[in-house]
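Structure, as structure tokens:
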There are 2 protein chains.
Amino acid sequence: MDRRQRKTRDAIFKAFTELLSKKDFSAITVGEIIECADVGRATFYAHFETKEFLLKELCEELFCHLFDSMKGEHSHHHIFNCNAPDSAFLHLFEHLENNDNKILDLLSGENNGLFLQYFKKDLLHLIYSQLDNLKTEKHKGLPQEFLANHIASTFVETVKWWVDNGKQESCSQITDYFFTVI
Amino acid sequence: MDRRQRKTRDAIFKAFTELLSKKDFSAITVGEIIECADVGRATFYAHFETKEFLLKELCEELFCHLFDSMKGEHSHHHIFNCNAPDSAFLHLFEHLENNDNKILDLLSGENNGLFLQYFKKDLLHLIYSQLDNLKTEKHKGLPQEFLANHIASTFVETVKWWVDNGKQESCSQITDYFFTVI
DNA sequence: TATATTATCGAACAATGTGTTCGGTAATAA
DNA sequence: TTATTACCGAACACATTGTTCGATAATATA
């Protein structure tokens, strides 16, 4: 990849995340992005078809980083053991709290539905692949897809609630809440 | 209210719901609405400040109707008893199924975040007022706001899942699913 | 019924945002 | 050194928004 391309791409991503921390996705215009990134209009469209594609690629980068780093740290088999103190969900909360990458800024926004959708989709893959470890007695009789969707939704909603309430709870505490309602 | 105002308002609501059943809220333009409703542009803006306010007023009308009709049918005290065959949630599912083709179309859309937000907000009021009846032993130790939010979110997500999967389950069945994960 | 009010029309308008085009320039790769 | 290609910047057509204004017709009121 051409060095110029890399620079331009990075500048756009940087400008975009900066703007996302200040306002909702739907309120951001291409004009603002290119002004903040200091690139030409045609250049933006040479890289990204639309604003939505830009968000999608940003999400892929963020979530790929997030979930991959998690997998690296937890290659042992009790990742999803609810009682394990180092359950994957606790580590997800911790990663989100030590938010290097401004994910939480995006989660707390009002009209960032697309972002949540992408986040949930990736999370769902993770949960689905480990569903057997998450199942309890009471879950018998439920379709797998329903259960997986429910767990993913509950996690996303828990994070949203946590952020919207100012992150008053510790990571282990909010993880407890999550496992309690699951 | 002037008869002309009523007619115009109804025509706009009708056109709007028709369009909403065909495409996402964000893709609908004021131009389409007024063409479909056959009213002037200035007339539209005399009634609604923006597209968003139109959606808000439509939601208020729909949900007011939905929740009020439910309250009327169930003034007895075990509305929220999980085991009661006529629990409020079962009736909510039934109301949604006998849908006048409006609410469910909106719930299934991709980018109808605002709609879901309004729906959840009204649902939350209902749940919050009856939270004690919904609490189980396992819920002890959770903040009320967290629990109420979780129940409301789970209901919304359950409905969404149900609709997205083609409403293959019966109302009582999907209600069972809901109570199982709650 | 006569009169005053007011909702609507229709057409035009500025303002903003989107996505594209094109020739010129400069960085990069070969 | 030469060919390629990413970028600039300016302009462009187009769509959408929200407003304005005088004329018209439906409605309320007396």
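Remember, predicted model here, so these are calculated numbers, not experimental data. Note on naming: letters A, B, ... go to the chains in the order of the sequence lines (proteins, then strands), and numbering restarts at 1 for each one. We use all heavy atoms of the structure for the numbers below, so side chains are in, but hydrogens, waters and symmetry mates are not.
Within the structure, every side-chain polar atom (N or O) of B/Tyr45 is placed at least 4.0 Å from both OP1 and OP2 of D/dT19.
Salt-bridge check for A/Lys120 with B/Glu157: passed, with a basic side-chain N closer than 4.0 Å to an acidic carboxylate O. With respect to B/Glu18 and B/Lys14, a salt bridge is recorded, a charged nitrogen being found less than 4.0 Å from a carboxylate O.
For residues 125-154 of chain B, the set of pairs meeting the salt bridge (Lys or Arg N to Asp or Glu O under 4.0 Å) definition, not counting sequence neighbours, is empty.
In the 5' to 3' direction, nucleotides of DNA chain C lying under 4.0 Å from heavy atoms of chain B begin and end at C/dT6 to C/dG10.
In this model, no donor atom of one side chain and acceptor atom of the other lie less than 3.5 Å apart for B/Asn165 and B/Gln168. Residues A/Thr136 and A/His139 bring a donor and an acceptor atom of their side chains to less than 3.5 Å of each other. Side chain to side chain, A/Asn149 and B/Lys160 fail the donor-acceptor criterion of an N or O pair below 3.5 Å.
Ring pair A/Phe63/A/Phe115: centre-to-centre distance below 6.0 Å.
Side chain of B/Trp162 to main chain of B/Glu169: a donor-acceptor pair is present (N/O by atom type, distance under 3.5 Å, no hydrogens or angles).
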Next on the checklist: At under 4.0 Å between heavy atoms, how does the protein contact nucleotides 4-16 of chain D? Give one character per nucleotide, 5' to 3', with B, S or -.
Outcome noted: -BBSSB------S
